[in-house]
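Start at 1 with the first residue, then count along the sequence. From a predicted model like this one, the values you see are computed outputs, not experimental measurements.
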Amino acid sequence: MYMSTDEIRRAFLAFFESKGHQVVESSSLVPANDPTLLFTNAGMNQFKDTFLGLEKRNYTRATTAQRCVRAGGKHNDLENVGFTARHHTFFEMLGNFSFGDYFKQDAIKFAWEFLTVTLKLPQDRLLVTVYETDDEAFEIWNKDVGVPADRIVRIGDKKGGKPFESDNFWQMGDTGPCGPCTEIFYDHGEHIWGGRPGTPEEDGDRFIEIWNNVFMQFNRQADGTMEPLPKPSVDTGMGIERISAIMQGVHSNYEIDIFQTLIKEAAAVIGHDDLGNQSLRVVADHIRSCAFLIADGVMPSNEGRGYVLRRIIRRAVRHGNKLGAKGAFFYKLVGPLAEIMGTAGEELKKQQEMVEKVLKIEEDNFGRTLDRGMAILAEALDNLDGKVLDGETVFKLYDTYGFPADLTNDVARERGFSIDEEGFNDAMEAQRQRARDAGQFGVDYNDAIKVDADTEFCGYDATEGQATVVALYREGAAVDAINAGEDALIVLDNTPFYAESGGQCGDTGAMTADGVQFVVADTQKFGNAIGHTGKLAQGAVKVGDKLTATVDATRRAATSLNHSATHLLHAALRNLLGEHVTQKGSLVKPEGLRFDFSHLEAVKPEELREIERVVNEQIRFNHAIDTDVMDIESAKEKGAMALFGEKYDDEVRVLSMGDFSVELCGGIHASSTGDIGLFKIVSEGGIAAGIRRIEAVTGEAAIAALHAQESLLAETASLVKSDAASVANKVSALVAHSKQLEKEIQQLKDKLAAQESAGLINKAQEINGVKVLVTKLEGADNKALRGMVDELKNQLGSGIVVLGNVSGDKVGLIAGVTKDLTGKVKAGELVNLVALQVGGKGGGRPDMAQAGGTDAAALPAALESVTPWLVEKL
């Protein structure tokens, strides 16, 4: 009987609820307090601590419909998604769980009852597997449930592997809870190639696993000892997509209601008519993982989970572009997805607008780099000497154009190439090392120095003062004196030097006395003490000495201008972009300022111009920069904003620039906004999910930036033989000409590629007037052989095709016969002829048949036997 996916989900949960199970909501795709997992990838993840006895729940039976993602780390199905019938990045796992309650007998009976009574699946279509030595499970299936012995397959340990390494033995890790499994398979019928579990043809699509019952029976010790658990438990899982395919009378998961709806919606928004195109399947799959990951709080980024999300989005966008998508399209599928997911889509509906916005922003951002990156990749592949794209090029595409390595691999694979993953990883590690090296500025005194002293800061109104040395440190250790030439840290009882805080860099300068000069390179806080790091250039200094502390006033002044400009920028951003903008970090130094803030999308050029205009307007207003010290509650009543990462005492400094900006700040500032002179934004970009960064300069640096832009414009005009006023039109014409040339080059490349693809068909021979192609392939995807044979048959018009593919230690075979010849030659007989010689067997329709084998060395001779066999038949 037909059932929708949502009906199956509801029926499953209702069935187990009727058996005393607590219905538990799907947990987040971001595992809670589990650093071992990138994403939730199985129904049992949220119950792991319960199974381990670390967490107690008020129920001992549970059932869930758990959202899962497998697209990174150990469980990564990304490359296969869209090209096979059952690989997905996102899937739902229906499960029932027993925490020391029932065990094998009830678990097996529950599964059988749901499948054969509730879903009414024919029993003769079901096949079960058990672990080779699990006689208990075998007896339950055979004696209690009534499954014939010939439909119960015992699966042992893998050849050459360790004990208990079997598809039917589950373990949480090298040690800990583990136990045998029993799996239920559905037979899709003889018309589909494939063998029973445990046979060479088991990778075929005839027998599909639909349910796995894991019996946590033992606690595996480090020495391999299996100790029986005091309370054996049950963990089961059934993929909803697979059971939906069965209940809806289809073979591929992509033919079920959810995917058919999403494929049609994707085709509509892309503008593509061929609903059978594999790229539509990729898009339909990827919208599920992307939408639900975002709904669960994952945002696109260049690290961790955000990076996985980003690469899935980009893979979907690329496949949409292959189909002719114009502009952003991916985000438009969120609504249809939330609707077709039924009860599982309720939470997505609540967040639909936010999810759509995140996807559209990411899609727009990627669109700007996709064309250029694709052109570079295509050129690299065209000029490749061999079949492997070097790791440096893969890294360049990642680092410069935002192409994840697996996206590059995806494109390369479509053209018959692979990538140097090891070389890419080496380049990535080299980049990380450069970043680590750039962050090493000598001794980290914060790790070593604990100063038991207080320093009074007196630098708000002064850049010079007299002070007494209260502590000295060399290489992290306290000393009584330092001598000329030594690096050291000096702590004073009071200082005009500002210690790095709130994003403002520490002051530099000098400490002097008769015959003494200590050059201060940086100033940092150490608790309530302020430490001055640098080198003693002349003389000697001991604890108790009097020194004159003098700040580099020019550097201090430039820093203070940038700090004040940061406050104006913050206020302008909030006024123009919205009050969701909050500071997420800053760096204020003499050369310029850097300001990080929360905002979901790139700031548009016109918005940046307006922000720049408003800040400069406030500078021209020449507001006095007033400072008031008050208690924290009074500051809040005044509307003062606290700065990111800053800690405040009960009494705080409130910095006001007219009514435009009021913030809490302990830093050094200009006297009035007019002192800033000029504010110029030099860059804006994203640094993390939802975090943007603006870099800007003020005063003399801003004027220098304008001069640099003028020089660049003049140089560009000279290069294109134009004047400054006409340079844009001239460059635009050159770009258009370049694109036309690139288009013509691409057309020539396409022609060459078509000629190369015809190479395989040229290997065809004639046997008694019939065109026959028999050839061996290396490393092709066995799942893709059917499409290849269809294309070759079309090219032959009338003929026979036999392909033998070696992939790893397995042999894949396929035979195709055009319908006008099936009266003389049956594809099933032909493929079986070859299969028997390579350790397998196979069969299928008269016009198309597949098989598998295990003896790759025997394949050439087996293929040679085809010609004499056909001579007799034809």
Just do the side-chain contact (heavy atoms from CB on, under 4.5 Å) check on Asn575 and Val614 with the steps written out, would you?
CA-CA 10 Å; Asn575 289 344; Val614 168; 5.6 Å; no

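- Side chains of Thr5 and Ile340 form no contact here, defined as non-hydrogen atoms less than 4.5 Å apart.
- With sequence neighbours left out, the ring-ring contact (aromatic ring centres under 6.0 Å, His included) criterion links Phe679 to no other residue.
- The side-chain contact (heavy atoms from CB on, under 4.5 Å) search around Ala14 returns none, not counting sequence neighbours.
- In this structure, Glu265 has no salt bridge (Lys or Arg N to Asp or Glu O under 4.0 Å) partners at least two apart in sequence or on a different chain.
- Here the shortest heavy-atom pairing between Leu262 and Pro336 reads CD2-C, 4.4 Å.
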Between side-chain atoms of residues 341-354 and protein atoms elsewhere (two or more places apart, or another chain), which donor-acceptor pairs fall under 3.5 Å?
unit_1 : atom_1 : unit_2 : atom_2 : d
Thr343 : OG1    : Asp6   : OD1    : 2.8
Thr343 : OG1    : Arg9   : NH1    : 3.4
Glu347 : OE2    : Gln351 : NE2    : 3.2
Gln351 : NE2    : Ala295 : O      : 3.0
Gln352 : NE2    : Glu356 : OE2    : 3.0

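- With sequence neighbours left out, the side-chain contact (heavy atoms from CB on, under 4.5 Å) criterion links Met238 to Phe12, Leu94, Phe114, Leu115, Trp211, Ile243.
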Side-chain donor-acceptor distances from residues 267-277 under 3.5 Å, at least two apart:
unit_1 : atom_1 : unit_2 : atom_2 : d
Asp274 : OD1    : Gly276 : N      : 3.0
Asn277 : OD1    : Ser279 : N      : 2.8

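- Take Glu17 and apply the salt bridge (Lys or Arg N to Asp or Glu O under 4.0 Å) test, not counting sequence neighbours, and it matches no residue.
- Here the side chains of Phe424 and Ile419 are not in contact, with every heavy-atom distance at 4.5 Å or above.
- Residue pairs meeting the ring-ring contact (aromatic ring centres under 6.0 Å, His included) criterion with at least one member in residues 297-341, sequence neighbours excluded, are Tyr307-Tyr398.
- When all heavy atoms of Leu119 and Met247 are compared, the pair lying nearest together is O-CE, 3.4 Å.
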Step by step, would you call Phe97 with Gln22 a side-chain contact (heavy atoms from CB on, under 4.5 Å)?
CA-CA 9 Å; Phe97 309 90; Gln22 173 71 43; over 6 Å; no

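- A 4.5 Å side-chain heavy-atom check between Arg67 and Thr40 finds every atom pair outside the cut-off.
- Heavy-atom minimum distance, Glu92 versus Ala65: OE1-CB, 4.3 Å.
- Contacts of Lys739 classified as salt bridge (Lys or Arg N to Asp or Glu O under 4.0 Å), with partners at least two apart in sequence or in another chain: none.
- Residue pairs meeting the salt bridge (charged side-chain N to carboxylate O under 4.0 Å, His left out) criterion with at least one member in residues 320-330, sequence neighbours excluded, are Lys322-Glu414.
- Qualifying ring-ring contact (aromatic ring centres under 6.0 Å, His included) partners for Phe597, counting only residues two or more places apart in sequence or in other chains: none.
- Counting only heavy atoms from C-beta outward, the side chains of Gln46 and Val24 approach each other to under 4.5 Å.
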Show your working on side-chain contact (heavy atoms from CB on, under 4.5 Å) between Glu601 and Lys360 and close with a plain yes or no.
CA-CA 9 Å; Glu601 57 189 314; Lys360 188 175 188 303; over 6 Å; no

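- Side-chain contact between Val615 and Ile676 is absent, with no heavy-atom pair separated by less than 4.5 Å.
- The salt bridge (Lys or Arg N to Asp or Glu O under 4.0 Å) search around Lys680 returns Glu612, not counting sequence neighbours.
- Contact between Ile287 and Leu337 at its shortest, heavy atoms only, is O-CD2, 3.5 Å.
- For the residue pair Glu663 and His570, a side-chain donor N or O sits within less than 3.5 Å of a side-chain acceptor on the partner.
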Go through the steps for Leu293 and Phe39 under the test side-chain contact (heavy atoms from CB on, under 4.5 Å), then give the verdict.
CA-CA 9 Å; Leu293 281 171; Phe39 299 116; 3.5 Å; yes

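- Side-chain atoms of Arg288 and Ile258, non-hydrogen and from C-beta on, do get closer than 4.5 Å to each other.
- Taking the charged nitrogens against the carboxylate oxygens, Asp285 and Arg281 have no contact shorter than 4.0 Å, which rules out a salt bridge.
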